[in-house]
Number of protein chains: 2
Amino acid sequence: MIPDTSSKIIFTPIKNKRTFEEISLEIKRLIFKGILKPNDKLPSEIELARQFNVGRQTLREALRLLELSGFIAIQKGSTGGPIIEDTIFNTISNSFLDAFLMKKITTEELTIARLETEKGMLKYVIDNAKDSDIRSLKENIVQAKKHAKANIRPFRDNIEFHRLLAKASKNQMFVIMVESIMAIVADFFSRLEPEFDVSKRVIEKHEALLNAIIRRDRDKAMSLLEDHILKVGKRFQKIIDEVRK
Amino acid sequence: MIPDTSSKIIFTPIKNKRTFEEISLEIKRLIFKGILKPNDKLPSEIELARQFNVGRQTLREALRLLELSGFIAIQKGSTGGPIIEDTIFNTISNSFLDAFLMKKITTEELTIARLETEKGMLKYVIDNAKDSDIRSLKENIVQAKKHAKANIRPFRDNIEFHRLLAKASKNQMFVIMVESIMAIVADFFSRLEPEFDVSKRVIEKHEALLNAIIRRDRDKAMSLLEDHILKVGKRFQKIIDEVRK
DNA sequence: TCACATTTGTCCGTATGTATC
DNA sequence: AGATACATACGGACAAATGTG
């Protein structure tokens, strides 16, 4: 009898995904369940292909997905092979940078989002920062000053300052949001010619902000942060405009 | 003469990356430069492999990277092949979901980040929303009510409401941030048994919020939004606790 | 409806590069 | 330095999907 395709019984497809996608998902599930943990070593490509009963190429494509998604790293050499690793946050910030490079995000949009994100985060920093966080932030400023004195542009230290702030909020969502925003900012400043650099002046702003945080002066910290981010944003915009001229 | 490795001339490595990574980057650059645009059709795998002078396996691994990063889509069949496509935002929200499933982000952290992000976004919504945005939001509420009456859980409409809000802020960073957060929320509610569902009550909250936005009543809108997100967050937490018991 | 061409998906065999012991 | 075990890469082959005449 011919199947009645008009009936309400709908057959679900036996196989939705490509083989390499299924393998990738299978390994991801083992990680989600906690059966596979960071630093666990996976069998070699050949052995994995044998166990999943697939060809080498198929298995390699599955590894590519897992690698790019931040679930595994691959080491070459005799004791090498795939290792469970957690670099998802890295993956996310790379994608944000891609989006910026594709001009899907403008500098104005970035500055506004940065402003609101860091402002929203700041009260949690003031409430939740441990002594160790404060120490890290102080140490960051010392380092930045040292670099500035040695005529090394301290923009990497200055970017790290905001990462440390996010960490002190004790909220991983803020960590990844700030990480993503700063990945774009870092990419921008790393391409910058030294004469455009203003990162020395930034250190003082960071120091003032940190002192307000230590005093738990929420209003002062908020206005310092807002002023600082908007200034950097304007500088950002100005440089882009000049380059485009 | 033996090369003086102690000299200051440092040879940069000829090849940093694996071949498939270089190919992926090369195609990405063409996209960044605007030479390749969405809907442009790329040559077939075999032709691309020929042009890059690599094997097909290597080229396929490059395509996997581009596909997962949201730069291309691949269609099978006679007129198929790789097509330039822009689904980067999709890629990012998938990674956030991965991070949540790996328990790198807790429900409390998600709720707090959601609260601060949407609050920070709200003033831009009030300032920048066009009539068309308001119409979309109104239409969303009509749809949600229709679904609720037909006994179809309107949680997808309710999630869409927040996406529409982000769109009305006219800031792509907010769009992707809210998209990422709501991807996690959507995943959560889609697994939920119907008896736990509260999405009918949510519609009223959305309606009140929308009215405050239309009236440009910033304070009222802000407090309605805060109240709504915190309630959903508590519900979220409660269900997770019950499941874990 | 059917046969055909094109393209992706998959497998296999082989060779080379590379890190470790 | 040599052996070993692994990833990287190439080329050929066939299966499966898909649009076209």
Side-chain angles (χ1 to χ4, degrees), chain A residues 1-6 11-27 36 39-85 87, chain B residues 2 5 11-27 36 39-85 87:
Chain A
M1 195 174 151
I2 296 160
D4 179 7
T5 52
S6 69
F11 297 100
T12 54
I14 304 294
K15 199 176 164 182
N16 280 324
K17 299 189 180 66
R18 295 170 285 188
T19 310
F20 63 82
E21 288 173 314
E22 284 182 355
I23 291 171
S24 167
L25 189 61
E26 191 56 34
I27 293 176
L36 289 174
N39 291 323
D40 281 358
K41 211 171 162 309
L42 258 56
S44 72
E45 282 183 7
I46 295 173
E47 177 59 19
L48 279 172
R50 201 189 58 71
Q51 287 189 26
F52 282 111
N53 196 27
V54 298
R56 289 255 280 143
Q57 166 140 359
T58 304
L59 188 102
R60 276 181 67 81
E61 290 184 37
L63 292 182
R64 291 292 85 73
L65 300 193
L66 291 167
E67 199 180 17
L68 192 65
S69 305
F71 286 96
I72 65 168
I74 283 150
Q75 283 168 3
K76 285 187 286 193
S78 127
T79 58
I83 292 180
I84 305 294
E85 211 192 58
T87 55
Chain B
I2 296 162
T5 51
F11 296 100
T12 53
I14 304 293
K15 199 176 164 182
N16 280 323
K17 299 190 181 67
R18 294 170 286 188
T19 311
F20 62 82
E21 286 172 317
E22 285 182 353
I23 292 171
S24 167
L25 189 60
E26 191 56 35
I27 294 176
L36 288 175
N39 290 324
D40 283 358
K41 213 171 160 309
L42 258 58
S44 72
E45 286 179 0
I46 294 172
E47 176 59 18
L48 280 171
R50 202 190 57 73
Q51 288 188 28
F52 282 109
N53 196 27
V54 297
R56 211 178 138 215
Q57 165 152 350
T58 306
L59 187 103
R60 276 181 65 83
E61 291 183 40
L63 292 183
R64 289 292 83 75
L65 300 193
L66 291 167
E67 197 181 19
L68 193 64
S69 305
F71 286 96
I72 66 168
I74 283 150
Q75 282 165 4
K76 285 187 288 191
S78 89
T79 58
I83 293 181
I84 305 293
E85 211 191 58
T87 55

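Within every chain, numbering begins at 1; the chains are lettered A, B, ... in the order of the sequence lines, protein sequences first and strands thereafter.
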Any residue meeting side chain to side chain donor-acceptor pair (under 3.5 Å) with [X], in chain and number order, not counting sequence neighbours:
X       : result
A:Gln75 : none
A:Gln57 : A:Glu61
A:Glu47 : A:Arg50, A:Gln51

- Query: Which residue pairs pass the salt bridge (Lys or Arg N to Asp or Glu O under 4.0 Å) test when at least one of the two sits in residues 68-79 of chain A, sequence neighbours left out?
  - Reply: none
Residues forming a side chain to side chain contact (heavy atoms under 4.5 Å, CB included) with [X], sequence neighbours excluded:
X       : value
A:Thr79 : none
B:Ser69 : A:Leu68, B:Phe71
A:Ile74 : A:Leu63, A:Arg64, A:Glu67, A:Ile72, A:Pro82

N/O contacts under 3.5 Å, protein versus nucleotides 1-4 of chain C?
none

- Task: Using a cut-off of strictly less than 4.0 Å between a heavy atom of the residue and any atom of DNA chain C, enumerate the qualifying residues of residues 43-54 of chain A by number.
- Result: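 DNA chain C contact set from residues 43-54 of chain A: A:Asn53, A:Val54.
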Over all atoms of both residues, closest heavy-atom pair of [X] and [Y]:
X       : Y       : value
A:Phe20 : A:Thr58 : CB-O, 3.3 Å
B:Leu65 : B:Ser24 : CB-OG, 3.8 Å
B:Ile23 : B:Ala62 : CG2-CB, 3.7 Å

- Item | For atom NZ of A:Lys17 and atom P of C:dG9, their distance in whole Å |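 Answer to the nearest Å: 15 Å.
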- Item | Spacing between A:Glu22 atom CD and C:dG9 atom P, to the nearest angstrom | 13 Å
- Message: Given 3.5 Å as the limit, does a donor-acceptor pair link the side chain of B:Lys41 with the main chain of B:Ile84, or not?
- Response: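 Absent.
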- Message: For DNA chain D, which residues of residues 56-76 of chain A approach it to below 4.0 angstrom with any heavy atom?
- Response: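 A:Arg56, A:Arg60, A:Arg64, A:Ile74, A:Gln75, A:Lys76 - these, ordered by number, are the residues of the stretch whose heavy atoms sit under 4.0 Å from the strand.
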- Those residues of residues 78-85 of chain A lying under 4.0 Å from DNA chain D by at least one heavy atom: A:Ser78, A:Gly80, A:Gly81, A:Pro82
- Item | Set of residues satisfying salt bridge (charged side-chain N to carboxylate O under 4.0 Å, His left out) with respect to B:Glu45, sequence neighbours excluded | B:Arg56, B:Arg60
- Task: Pick base, sugar-phosphate or nothing for A:Gly55, based on heavy-atom distances below 4.0 Å to the nucleic acid.
- Result: sugar-phosphate
- Message: If you define the side chain from C-beta out and look only at heavy atoms, does anything of B:Ile46 sit under 4.5 Å from B:Leu59?
- Response: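 A side-chain contact is absent here, since even the closest heavy-atom pair is not under 4.5 Å.
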